[in-house]
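Below you will find the structure I want to go over with you.
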Amino acid sequence: MPEINITLPDGSVRQYPRGTSAMQVAQSISEGLARVIIAAKVNGQVVETTRPITEDATLTLLKWDDKEGKSTFWHSSAHLLAEALESLYPGVKFGIGPAIENGFYYDIDLGNHKFSSDDFAKLENKMLELAKQENPFIREEISKADAISYFTEKGDELKLELLQDLKDGEITFYKQGNFTDLCRGPHLPHTGHIKAVKILNIAGAYWRGDEKNKQLTRIYGITFPKKSELDAHMQMLEEAKKRDHRTLGRELEIFAFDDDVGPGLPLWLPKGAAIIEILEEFAKKTEKEAGYVRVKSPHIAKESMYIKSGHLPYYQDSMFPPMEMDGTKYYLKAMNCPHHHKIFAATPKSYRDLPLRLAEYGTVYRYEQTGELFGLMRVRSMQMNDAHIYCTKAQFEEEFRAVNDMYLKYFRVFGIDKYMMRFSKHDPRKLGQKYINSPELWIETENMVRNVLIKANIPYVEVEDEAAFYGPKIDIQLWSAIGREFTIATNQVDFAQAERFDLSYINEKSERERPLILHRAPLGTHERFIGFLLEHYAGKFPLWLNPEQVIILPISEKYQEYSEKVLNVLKKHDIRALIDDRSEKTGKKIRDAELKRLPLMLILGEKEQADNTVTVRKQGGEDLGSMPIEAFTAYVKAEVEKQMN
RNA sequence: GCCGUUGUAGCUCAGGGGUAGAGCACUUCCUUGGUAAGGAAGAGGCCAAGGGUUCAAAUCCCUUCAAUGGCUCCA
């Protein structure tokens with residue numbers, strides 16, 4: 001029998017008969033290995049362990065710990081879920097059932113059956129029962145005609161619809177126990193690997209993601225090869241909930257919502273407002289250094305401006321309905337751009353005025369759909385770190401890069417190391433509908449943006465059909481510590497509105513010329529950014545940003561007077577401090593200060609009073625010992641300075 | 001907007017057809033205590049709102065509002 005060479009990840013090469021499977025290779029190494037492998041990567045392609053290998057190949061045996069291993073495990077679990085559902089609810093129809101980042105789901109049409117969270121346990125038990133049977137996943141290549149007749153007989157029109165898009169010759173079925181599914185695989189060797197099952201939740205989901213289609217029932221679940229791993233995962237979810245910005249925002253008294261104020265309209269409590277002011281001060285300083293000038297604009301504008309800007313036909317549904325006065329409609333502003341364009345137009349401009357960078361922490365209102373509201377992440381009123389840069393084509397690249405540099409500075413200050421720039425482009429098929437109909441300008445500006453990104457060596461991904469209607473944009477994706485993804489900031493090119501507002505400047509040859517416009521908001525909105533920071537820092541705002549930097553903890557009421565003296569010194573140095581003067585023990589006061597995530601605690605008693613010193617405890621327990629008050633204020637200032645640069 | 005779930009004290013939650021409960025927080029008193037919870041007492045709720053069923057509704061049903069998990073959307 002002809003032999004093939006199998007190269008393993010450590011570089012070793014072994015000979016096997018042609019048609020050997022990954023499982024057989026694993027068995028030849030050790031039985032223990034064979035028991036835990038989930039799938040195999042053959043020449044870069046993930047396949048099931050039973051697939052015969054017919055040519056020389058590099059082979060990686062995938063276990064639970066491998067990303068692809070988990071994905072295979074969960075995809076197979078989706079099939080197990082389907083098998084359990086079919087056994088409990090005969091006649092149920094199946095859409096798609098993929099693995100996701102944490103678990104899997106299956107979209108199903110239950111027909112007349114009812115399924116609710118009360119049935120989760122029943123479903124979990126059924127899945128475990130089927131898993132125990134250790135049914136192998138069997139792959140079968142099938143002709144399109146046979147596949148169609150199988151699902152026609154079964155009456156599953158969802159699968160039939162999926163089949164329409166598949167080519168004859170590349171269709172496979174996977175079968176385990178009594179369940180057969182259309183699937184390209186790969187799958188586990190058998191269902192017995194699945195030892196722990198949790199149905200997480202149930203949701204409606206439009207068939208193929210289109211809201212015009214029928215809504216199916218989506219069942220989310222997660223499975224593990226060990227019960228202990230499931231327990232650990234559930235515990236992790238609990239921990240994540242404690243880091244949720246909504247939980248922290250309430251605990252730390254940062255923001256609140258109120259039914260009478262309205263959904264999506266956050267109230268900033270004193271500490272939240274303090275954070276906002278610190279952020280603004282920081283942003284304003286940074287922008288001033290970068291040559292921005294500040295402007296102010298009203299919160300409403302006449303309908304005519306939004307018709308001129310072109311926003312109305314595209315975004316009317318996302319704006320609050322107009323108010324009418326003296327026969328004229330006024331809208332709450334949903335974006336600052338048109339106002340800034342009007343500010344540009346208010347005085348004549350020469351090329352000597354460019355680049356002109358107009359900045360404003362503008363408040364805007366957007367009528368987000370009720371179901372889209374989410375804590376501080378999706379709200380209806382927001383304050384945006386907005387600015388518009390008007391420049392010549394020749395200046396564009398430099399300006400765009402300067403904006404990117406500002407982003408990178410912010411990331412450093414806030415300790416953000418996981419980010420991705422998403423370069424959003426137009427979709428040529430939607431010109432004139434979703435996008436301004438200027439095909440050449442789209443290509444030209446998209447190339448300019450790409451060039452900057454490449455030259456600056458910034459990691460990015462390109463996505464189609466995500467641009468703003470007036471030009472391409474870059475969105476900055478961040479991930480909070482609990483893994484939630486945020487689109488925080490945006491950086492957009494605008495080649496359309498200068499035309500619409502008839503904005504121009506006089507160039508060196510005394511000719512009128514249109515400026516290019518850059519929209520940018522590195523810190524996004526206060527709402528979303530502070531929501532992100534809450535999760536990012538787990539509520540532990542760093543010293544420079546914390547609304548309460550220092551708490552003074554007198555050991556007893558006897559040291560109240562000395563505490564006030566220290567407080568006054570701190571205040572003179574613009575250090576944000578307060579005294580915990582309750583008649584509680586020091587241990588209690590420290591505990592409460594820790595729960596409030598205060599960065600520095602000053603413990604003051606007899607010794608400190610006598611020596612005119614303070615004893616410093618850092619958040620988390622680190623003891624900095626005693627020092628004179630002046631040494632402490634110098635320490636705070638140095639820390640703040642260090643953190644902000 | 002759509003599908004599912006949930007609304008009980010400031011927070012976290014228990015209870016459940018016969019006019020409300022715990023812990024924490026809060027107030028007062030005692031205590032004056034040196035690095036993550038000292039003690040006692042007190043105050044707090046039309047059980048989201050509206051309607052219905054019932055002798056009786058916080059509890060069952062309907063509607064609305066809000067939150068929440070998703071879907072769709074996100075200038």
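Chain A is the first sequence line, chain B the second, and so forth, proteins listed ahead of strands; every chain is numbered from 1.
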- Message: Students often get this wrong, so: under 4.0 angstrom with heavy atoms, is A/Arg246 touching a base, only sugar-phosphate, or nothing?
- Response: sugar-phosphate
- In whole angstrom, what separates A/Gln369's CD from B/rC71's P? 14 Å
- Aromatic-base stack, A/Tyr315 on B/rA75, cutoff 5.5 Å, angle under 30: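 One would call A/Tyr315 stacked on the B/rA75 base.
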- Taking the side chain as C-beta and beyond, is there a heavy-atom pair between A/Leu600 and A/Arg617 under 4.5 Å?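 Side-chain contact under 4.5 Å: no.
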- Query: How long is the span from the CD atom in A/Glu564 to the CD atom in A/Gln560, to the nearest 0.5 Å?
  - Reply: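 Separation between the atoms: 4.5 Å.
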- Task: Please state how far atom CD in A/Glu608 lies from atom C1' in B/rG34, giving the value in whole angstrom units.
- Result: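 A/Glu608 atom CD is separated from B/rG34 atom C1' by 8 Å.
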- Query: Taking the six-membered ring for Trp, are the ring centroids of A/His388 and A/Phe344 within less than 6.0 Å of each other?
  - Reply: no
- For atom C1', what is the distance between B/rU5 and B/rG10, given to the nearest Å? 25 Å
- Query: Is any NZ, NE, NH1 or NH2 atom of the basic residue among A/Asp623 and A/Lys618 found under 4.0 Å from an Asp or Glu carboxylate oxygen of the other?
  - Reply: no
- Query: Counting any heavy atom closer than 4.0 Å, what does A/Phe469 reach on the DNA or RNA strands: base, sugar-phosphate only, or nothing?
  - Reply: nothing
- Message: Base, sugar-phosphate or nothing for A/Phe257? Non-hydrogen atoms, less than 4.0 Å.
- Response: nothing
- Using a 4.0 Å heavy-atom cut-off across all strands, classify A/Ala205 as base, sugar-phosphate, or nothing. sugar-phosphate
